[in-house]
Amino acid sequence: MVILSGIDNQVAPLNSVSTAHPNAAYTFLTCQKFLVQDPNFLTAGGPSIEEIIAQRIGQETPYPRLDFAIGGTRSDNGIYLPHDEHHFWLEANDPVGAFNDPFVAVDRIFGSQSIDPIEQWQTQSRRAAVLQRVQQNFSLMENELSGEEKERLQAHQNKIESLFRRNTLPVGSCNQPLLSLPYDYDYTYDDHHSAPIMQDILIAALACDMTRVGTISFANAQDHGFEWLWSENDNQPIVDRSRFDNWHAMVHADYQPSMEYVYRWYSKMLARLLQKLSETTDSDGDNMLDSSLIISISEFSSPRHWHKNIPILLFGNTGFLPPSHHISYMPYTLEDFVNSSGMLESGFSMNQFCTTLLHLFGYDDEHFGFDDASISSGILPL
């Protein structure tokens with residue numbers, strides 16, 4: 001494990017639109033300002049860092065990336081698309097959807113087990129032929145377009161190419177995870193069941209080289225009861241409804257003892273993911289934890305919407321970072337930082353952290369995100 005402290009989201013304060021959650025969620029991984037400074041049309045200004053990594057290391061796999069949400073609203077297709085707190089972006093104004101129904105995720109990623117293998121191969125072949133024809137039509141249209149229209153066509157073409165790869169690229173031997181869930185399971189709410197199974201689905205996909213980049217996010221940040229934790233809280237509700245409307249309101253209040261049970265549970269889920277990775281080998285026979293970089297991060301350092309001193313944990317193969325270290329870039333004490341209401345600056349940016357990530361993957365980018373004299377650039381000093 002490597003702990004990083006003192007990394008600031010230096011881009012967020014550059015937005016002229018004051019919107020607490022989007023200003024963090026749309027910027028901390030993209031390192032870009034809003035595309036347009038208009039409160040009625042808020043969107044990220046570019047791709048987030050994991051998408052750049054997926055574009056570079058995920059083109060030889062059926063899925064350049066796989067994304068999972070724990071909880072979130074129900075949809076017709078089992079894909080969750082947040083309304084105002086997108087963390088992950090394919091490009092400006094193009095947020096990433098995530099599986100939040102595990103049954104849909106397994107079926108879409110590994111294929112239906114009820115279909116004969118020959119029939120499934122025939123279906124994939126037909127899809128590949130159709131997609132190939134669509135790609136040819138794109139090439140013909142491209143010569144007749146220019147400017148913004150050509151850019152939109154290219155975005156569609158990239159998605160079609162991703163679908164084509166998904167139907168044609170070979171994968172390693174896949175052990176499809178078995179779903180064993182209660183009969184009354186509700187994927188929009190039962191996070192304690194969803195988190196482990198979504199982890200298992202992602203690990204299975206990584207192990208057989210279905211993908212090389214994945215994300216897991218917790219989508220029930222607004223209102224949740226965390227009933228499975230009540231027993232640890234002397235059988236009392238986690239959220240005191242006589243004082244707080246919901247979990248979100250409670251988190252933004254001063255410290256409440258029952259918060260600990262929720263944050264501890266999140267940490268246990270992270271520990272479970274690391275443990276499962278350590279017990280799994282990939283299609284090359286390598287230990288998954290030893291060959292993967294896992295990042296745990298939040299868009300805020302405090303419930304007070306602080307953009308500075310973003311908490312960052314790294315696990316597994318951390319490359320040239322010194323292992324088992326706490327690397328602090330804070331030129332102040334933690335007490336002074338808290339007393340300043342999160343206003344003290346370190347001089348080190350999320351842009352630098354993301355540039356450092358690219359170097360960990362063997363690339364030599366000089367900067368990432370918004371390129372401006374006011375933003376610290378380059379890699380983090382070690």
Side-chain angles (χ1 to χ4, degrees), residues 29-30 47-72 78-82 86-90 94-111 159 162-163 165-166 169 171-172 174-177 179 187 191 194-219 266 269-284 286-298 312-319 354 357-358 360-361:
L29 293 177
T30 67
S48 43
I49 181 61
E50 86 293 335
E51 170 60 17
I52 298 300
I53 293 172
Q55 290 175 10
R56 298 185 184 184
I57 71 171
Q59 300 307 307
E60 298 177 359
T61 58
Y63 292 87
R65 60 182 295 161
L66 285 172
D67 301 87
F68 302 88
I70 310 303
I79 305 296
Y80 173 66
L81 197 64
H86 298 285
H87 297 141
F88 310 115
W89 296 81
L90 299 172
D94 193 0
V96 175
F99 292 112
N100 67 342
D101 182 341
F103 292 97
V104 171
V106 168
D107 188 64
R108 292 277 292 272
I109 297 169
F110 298 96
K159 290 182 171 64
S162 179
L163 288 171
R165 287 196 303 271
R166 193 176 304 169
L169 288 176
V171 298
C174 288
N175 294 318
Q176 178 174 315
L179 301 185
Y187 70 82
D191 293 5
S194 297
I197 198 64
M198 289 302 203
Q199 289 178 354
D200 291 346
I201 295 171
L202 174 58
I203 291 173
L206 289 167
C208 65
D209 214 21
M210 278 281 194
T211 191
R212 293 173 187 171
V213 176
T215 68
I216 298 177
S217 58
F218 288 91
Y266 285 141
M269 291 301 98
L270 173 60
R272 181 191 184 278
L273 174 65
L274 300 173
Q275 182 66 34
K276 288 291 183 178
L277 286 168
S278 74
E279 297 170 352
T280 307
T281 55
D282 61 21
S283 56
D284 295 324
D286 297 323
N287 180 274
M288 291 285 291
L289 183 60
D290 293 341
S291 58
S292 302
L293 172 64
I294 301 93
I295 302 170
S296 177
I297 192 169
S298 174
I312 304 173
L313 304 175
L314 300 98
F315 303 89
N317 187 345
T318 56
C354 291
L357 283 182
L358 293 174
L360 286 175
F361 281 89

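All values reported here derive from a predicted model rather than from experimental measurement. One is the number of the first residue; the rest follow in order along the sequence.
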So do T318 and L360 actually touch side chain to side chain, heavy atoms under 4.5 Å? no
Do you know which two heavy atoms are closest between S278 and Q275, and how far apart they sit? OG-O, 2.6 Å
Testing the basics here: between P64 and Q59, what is the closest heavy-atom pair and its distance to 0.1 Å? CB-NE2, 4.2 Å
Rounded to the nearest 0.5 Å, what separates atom CG in D282 from atom CD1 in I203? 12.0 Å
If you measure from CD on Q176 to SG on C208, what distance do you get to the nearest 0.5 Å? 10.0 Å
Quick check: do P177 and F110 have side-chain heavy atoms less than 4.5 Å from each other? yes
Taking it one step at a time, do N317 and D290 satisfy side chain to side chain contact (heavy atoms under 4.5 Å, CB included)? CA-CA 5 Å; N317 187 345; D290 293 341; over 6 Å; no
Once side chain to side chain donor-acceptor pair (under 3.5 Å) is applied, do any residues pair with T215, and if so which ones, sequence neighbours excluded? D67
Mind checking the OG-OH spacing from S298 to Y266? Nearest 0.5 Å is all I need. 10.0 Å
Do any N or O atoms from the side chain of S48 and from the backbone of W89 form a donor-acceptor pair under 3.5 angstrom? yes
Under 4.5 Å between any side-chain heavy atoms of L293 and L357, yes or no? yes
Walk me through whether M269 and D191 qualify under side chain to side chain contact (heavy atoms under 4.5 Å, CB included). CA-CA 10 Å; M269 291 301 98; D191 293 5; over 6 Å; no
Compare every heavy atom of I294 with every heavy atom of S292, then report the nearest pair and how far apart it is. O-CD1, 3.8 Å
Test side-chain contact (heavy atoms from CB on, under 4.5 Å), reference I216, set I70, I201, L66, output is I70
For E51, what residues pass the side chain to side chain donor-acceptor pair (under 3.5 Å) criterion, not counting sequence neighbours? Q55, R65
Minimal non-hydrogen separation, V213 against L206, with atom names: N-CD2, 4.2 Å
Nearest 0.5 Å, what's the CD1-CD distance between I295 and E50? 9.0 Å
Which pair of heavy atoms, one from L202 and one from G214, lies closest together, and at what distance? CD1-CA, 3.9 Å
Contact summary for I52 and P47, nearest pair of heavy atoms: CD1-CG, 3.6 Å
Check against side chain to side chain contact (heavy atoms under 4.5 Å, CB included), H86 and L81: CA-CA 8 Å; H86 298 285; L81 197 64; 3.9 Å; yes
Between CD1 on residue I297 and CG on residue L313, distance to nearest 0.5 Å: 9.0 Å
Mind checking whether F315 and L277 have side chains closer than 4.5 Å, heavy atoms only? no
What is the distance from atom CG of N287 to atom OG1 of T280, rounded to the nearest 0.5 Å? 8.0 Å
Mind checking side chain to side chain donor-acceptor pair (under 3.5 Å) for D200 and listing every partner two or more places apart, or none if nothing turns up? R272
Sub-4.5 Å side-chain heavy-atom contact between F99 and I109: yes
